[in-house]
Asker: 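I have a structure here, written as structure tokens, and I will follow up with some questions on it.
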Protein chains: 2
Amino acid sequence: MPVSITDVARAAGVSASTVSRALRGRPGVSDEVRTQIAAVAAQLGYTASRSASSLASGRTYTIGVVAPYIGRWFFGTVLDAAEQVFSAAGYDVLLYNLGSAEARKRFFTKLPVRKRVDAVLSLLIPDEDESAALRSLGVPLASTVGGARPGFTVVGIDDRAGAESAVRHLVNLGHRRIGMISGASGPLHWTTPVDRRAAYLHVLAEAGIEHDPALVADGDYTVDGGERAMTELLAASRPPTAVFAQSDEMAMGALRALRRHRLRVPDDVSVVGFDDHELADVVGLTTVAQPVAGQGAEAARMLLRQLDEPDAEQPPGRVEMPIRLVLRETTAPPRPRGPQ
Amino acid sequence: MPVSITDVARAAGVSASTVSRALRGRPGVSDEVRTQIAAVAAQLGYTASRSASSLASGRTYTIGVVAPYIGRWFFGTVLDAAEQVFSAAGYDVLLYNLGSAEARKRFFTKLPVRKRVDAVLSLLIPDEDESAALRSLGVPLASTVGGARPGFTVVGIDDRAGAESAVRHLVNLGHRRIGMISGASGPLHWTTPVDRRAAYLHVLAEAGIEHDPALVADGDYTVDGGERAMTELLAASRPPTAVFAQSDEMAMGALRALRRHRLRVPDDVSVVGFDDHELADVVGLTTVAQPVAGQGAEAARMLLRQLDEPDAEQPPGRVEMPIRLVLRETTAPPRPRGPQ
DNA sequence: CTGTTAGCGCGTTCAT
DNA sequence: ATGAACGCGCTAACAG
């Protein structure tokens, strides 16, 4: 049933090699024969078997993408952009969703991408062992998250600067009791929450504000988690007048919690997010914008470049993308209060 | 560098055939030898080449997933759920993002999945030709969108019933001027907007309300499109007092437009969406909930079943998932007005 | 410019 | 229970 290269060769009256050369645009085939073969192949509906082709050539024309989630806006958007760049260049994308610990472990022990991909794009931050496992594949590696690490080209943003601009914005508005909804969860070697937390502490110190541990809660990077965290913060003996959420999704959860507590934003509590989620504008969320799709596309391009010029210069270890604070309607000066 | 089956065979002092049998759990290997081989393989970090293995066996252990978008919540969520089911069963996922017309055309003419996948899950609705192309692959097919069609197992919802419940809700609240933000865009053979539109017209007729074409606008299934559509509806000589948006994302765009026009929801205008987007709850959106992740997982399971029992009964052509109207805070009776 | 010859690494007979 | 031989479909190296 499936038509093979020899079928095409026979129908066109040439050898299999010639068909192979003709269809892949390699030199050594007369234009006449080439177009003839193309016609026959099209008519027969022939497509080269990727398995056979990569077995013979060693190239797979496939990129492996590993992600911790797909459904979440950030990762879906990065993946979408990267996939477009890859497929436009003729590469297929093998997707690995490593959300659960089991899936993640299974992936890194069995390493199913071995001999199956020409490069790997990681949307998650591998720990030391995982990182070594990926390097052992012997293919170009890139990532859109975390800091620089050996063997990877990392396209990212300056998390500290971004978080600082958010918190500083709140300080400048006159807030003193500033809470944070962090995203620290699990031993995922995720430097993002660490950096953003450090930035938060730094700005507070800079402004001479004493850090109150009761004003920090974990939101797990989800809407529900953000809601829980905000609820927790509101239960503090002296609740915050402003909150920095480490992601827009958690910020939106916070907004929901505030609404349920009949608190007004920004009159009673100011909220700043991080990401500039597609829907941040809908709820009027002030946030730190980062080029999410841009990072996915750029990382993909970096990989393709390494694939095209294997012996070129060392690729840059880190590419920094721009960020900016977007002011909307969830932040304002604190409401004047009685002495306390 | 890459370790092959013969390397393992040599190290274990057996033949390649035995290694192959042992590692795949086929009968004909003594337990002693089997565990010994497993140990050697693990120590050498051996993984069978998928290319070679599928070339020899004909099975690829790979599922092709084609989608019109990935970044959008609906598709990302379906993909996420499906991927988890596939990978838990030992299958890899090849992802094709066919958002642009070129990408789509390229995919269906070249059909790069040929001989590369054991099954295909479609998150888009193929037209007749595309559908035939997929069938020509000779592998099980499933889809999470659109109506029943030959060769596919379609896991979906009753779009008409869902849309009817939304519009009927508005009618029951007493609204008479009910607008719709539709999602009809392009020649994508997308029956969803058609079905939802028919339901809208049906309920209006049922309630004895005359249809006013000025109250329907296209929102292109995006937030921005929804905002534009709502703005358009508000410009009508007699604007609607309630709006049914065919997706939550468009509904959120509508909410944004209303806020910009200083109109209050639901006091001035009621809004109903469709999907129960992750963030619908945050903005208090009344909507028709559908089990999005559930559909992805179920479709994946249907495919795996066909793969496991190739000669079983014909799989069901269509599986219907439950929907329900979720009442939140964006709908209310129309405000009493002066005579008009 | 084109055909012939060898594998790529594995699964699958068929012997033993 | 195990091994040898063959072929999956294609690309690469070598002839001509």
Side-chain angles (χ1 to χ4, degrees), chain A residues 1-38 40-41 44-62 90 110-118 138, chain B residues 1-38 40-41 44-62 90 110-118 138:
Chain A
M1 190 61 182
V3 29
S4 80
I5 198 171
T6 52
D7 297 329
V8 178
R10 196 173 322 131
V14 296
S15 76
S17 327
T18 304
V19 173
S20 175
R21 281 188 285 253
L23 260 27
R24 288 180 306 138
R26 312 302 304 260
V29 183
S30 69
D31 285 354
E32 189 185 11
V33 174
R34 192 185 295 275
T35 57
Q36 208 259 29
I37 289 177
V40 173
L44 264 48
Y46 169 74
T47 306
S49 156
R50 277 300 234 292
S51 304
S53 157
S54 55
L55 181 57
S57 71
R59 297 215 41 173
T60 66
Y61 283 99
T62 300
K110 303 206 57 174
L111 226 46
V113 288
R114 172 155 297 181
K115 308 171 196 168
R116 267 206 102 174
V117 299
D118 291 342
Chain B
M1 190 61 181
V3 29
S4 81
I5 198 171
T6 53
D7 297 329
V8 178
R10 197 173 321 129
V14 295
S15 77
S17 326
T18 304
V19 174
S20 174
R21 281 188 283 253
L23 259 27
R24 288 179 306 135
R26 312 302 304 256
V29 183
S30 69
D31 286 352
E32 189 185 11
V33 174
R34 191 185 296 275
T35 57
Q36 207 259 26
I37 289 177
V40 173
L44 263 48
Y46 170 73
T47 306
S49 156
R50 278 302 234 290
S51 305
S53 132
S54 56
L55 182 55
S57 71
R59 296 213 45 171
T60 65
Y61 284 98
T62 301
K110 304 206 56 174
L111 227 46
V113 288
R114 172 154 296 177
K115 307 171 195 166
R116 264 206 104 173
V117 299
D118 292 342

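Proteins get letters first, then strands, A, B, ... in listed order; numbering begins at 1 in each.
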Asker: Can you measure Asp31(B) atom CG to dT2(D) atom C1' for me and round it to whole angstrom units?
Answerer: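 Value for this atom pair: 15 Å.
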
Asker: Between Ser57(B) and Gly13(B), which has a closest nucleotide on DNA chain D that is more 5'?
Answerer: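 On the 5' side of the pair lies Gly13(B).
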
Asker: Would you say the side chains of Ser57(A) and Arg24(A) form a donor-acceptor pair under 3.5 Å?
Answerer: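 No, because no side-chain N or O of Ser57(A) sits under 3.5 Å from a partner of the opposite role on Arg24(A).
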
Asker: Which is more 5' along DNA chain C, the nucleotide nearest Ser17(A) or the one nearest Leu55(B)? Just name the residue.
Answerer: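 First, find each residue's nearest nucleotide; the 5'-ward one identifies Ser17(A).
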
Asker: Which nucleotide sits closest to the side chain of Ser4(A): dG3(D), dC10(D), dT2(C)?
Answerer: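 Of the candidates, dC10(D) comes closest.
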
Asker: As a test of reading the structure: which of dA12(D), dG3(D), dT2(C) is closest to the side chain of Thr18(A), going by heavy atoms?
Answerer: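 The answer is dT2(C).
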
Asker: Just call it for Arg21(A): base, sugar-phosphate, or nothing, with non-hydrogen atoms closer than 4.0 Å on any strand.
Answerer: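 Base, at least one base heavy atom under 4.0 Å.
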
Asker: Write down the distance between CZ (Arg26(B)) and P (dG11(C)), rounded to a whole number of angstrom.
Answerer: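 After rounding, the reported distance stands at 10 Å.
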
Asker: Roughly how far, to the nearest 0.5 Å, is CD1 of Ile5(B) from CD1 of Ile37(B)?
Answerer: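 That separation rounds to 9.0 Å.
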
Asker: Return no unless some side-chain N or O of Arg24(B) is found under 4.0 Å from OP1 or OP2 of dT12(C).
Answerer: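 For dT12(C), OP1 or OP2 has a side-chain N or O of Arg24(B) closer than 4.0 Å.
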
Asker: Please state whether the phosphate of dC10(C), meaning OP1 or OP2, lies under 4.0 angstrom from any side-chain nitrogen or oxygen of Tyr46(B).
Answerer: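 Yes, within the criterion.
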
Asker: If we ignore angles and hydrogens, is there a donor and acceptor under 3.5 Å between the side chains of Thr62(A) and Arg116(B)?
Answerer: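 Arg116(B) and Thr62(A) do have a side-chain donor-acceptor pair below 3.5 Å.
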
Asker: In sequence, state the C-alpha distance, the side-chain angles, and the governing distance for Tyr46(B) and Val40(B), and then conclude on side-chain contact (heavy atoms from CB on, under 4.5 Å).
Answerer: CA-CA 9 Å; Tyr46(B) 170 73; Val40(B) 173; over 6 Å; no

Asker: Using only side-chain N and O atoms of Ser15(A), determine if any of them is under 4.0 Å from OP1 or OP2 of dG3(C).
Answerer: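 Yes, Ser15(A) has a side-chain N/O under 4.0 Å of OP1/OP2 on dG3(C).
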
Asker: Return the value, rounded to whole Å, for the distance between atom CG of Leu23(B) and atom C1' of dC10(C).
Answerer: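 Those two atoms, CG and C1', are 12 Å apart.
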
Asker: Does either side chain, that of Ser20(B) or that of Ser17(B), offer a donor lying less than 3.5 Å from an acceptor on the other one?
Answerer: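 Looking only at side-chain atoms, Ser17(B) and Ser20(B) do not form any donor-acceptor pair under 3.5 Å.
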
Asker: To the nearest Å, give me how far apart CD1 (Ile37(A)) and P (dC10(D)) are.
Answerer: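 Going from Ile37(A) (CD1) to dC10(D) (P), I get 13 Å.
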
Asker: From the set dT4(C), dC1(C), dC10(D), return the single nucleotide nearest to any side-chain atom of Ser30(A).
Answerer: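 Of the options given, the side chain of Ser30(A) lies nearest dC1(C).
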
Asker: Going by atom types alone, do Ser54(B) and Ser51(A) pair a side-chain donor with an acceptor below 3.5 Å?
Answerer: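 The answer is yes; a qualifying pair exists.
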
Asker: Whole angstroms only, please: what is the OH-P distance between Tyr61(A) and dT11(D)?
Answerer: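 From Tyr61(A) OH to dT11(D) P: 10 Å.
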
Asker: Taking Thr6(A) for its side chain and Ala9(A) for its backbone only, find out whether a donor-acceptor pair lies under 3.5 Å.
Answerer: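 Between the backbone of Ala9(A) and the side chain of Thr6(A) there is no qualifying donor-acceptor contact (under 3.5 Å).
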
Asker: How many whole angstroms separate atom NZ of Lys115(A) from atom C1' of dC8(C)?
Answerer: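 After rounding, the reported distance stands at 11 Å.
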
Asker: Hey, mind stepping through Arg59(A) and Asp118(A) against side-chain contact (heavy atoms from CB on, under 4.5 Å) and telling me if it holds?
Answerer: CA-CA 6 Å; Arg59(A) 297 215 41 173; Asp118(A) 291 342; 3.8 Å; yes

Asker: Counting only side-chain heavy atoms from C-beta out, which of dC1(C), dT12(C), dG9(D) sits nearest to Ser20(B)?
Answerer: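 Nearest listed nucleotide: dT12(C).
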
Asker: Taking atom P of dT2(C) as reference, at what distance in whole Å does atom CD of Gln36(A) sit?
Answerer: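 These atoms are roughly 11 Å apart.
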
Asker: I'd like to know if Arg50(B) reaches the base of dG9(C) with its side chain, counting only an N/O donor and acceptor under 3.5 Å.
Answerer: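 In this structure, the two groups form no donor-acceptor pair.
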
Asker: Have a look at the helix from dC1(C)-dG16(D) to dT16(C)-dA1(D) and give the angle its two end axes make, five pairs each, rounded to 10 degrees.
Answerer: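 Answer rounded to 10°: the end axes differ by 30°.
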
Asker: Atom CD1 of Ile5(B) to atom P of dC8(C): distance rounded to whole Å?
Answerer: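 Rounding to the nearest Å, CD1 of Ile5(B) and P of dC8(C) are 14 Å apart.
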
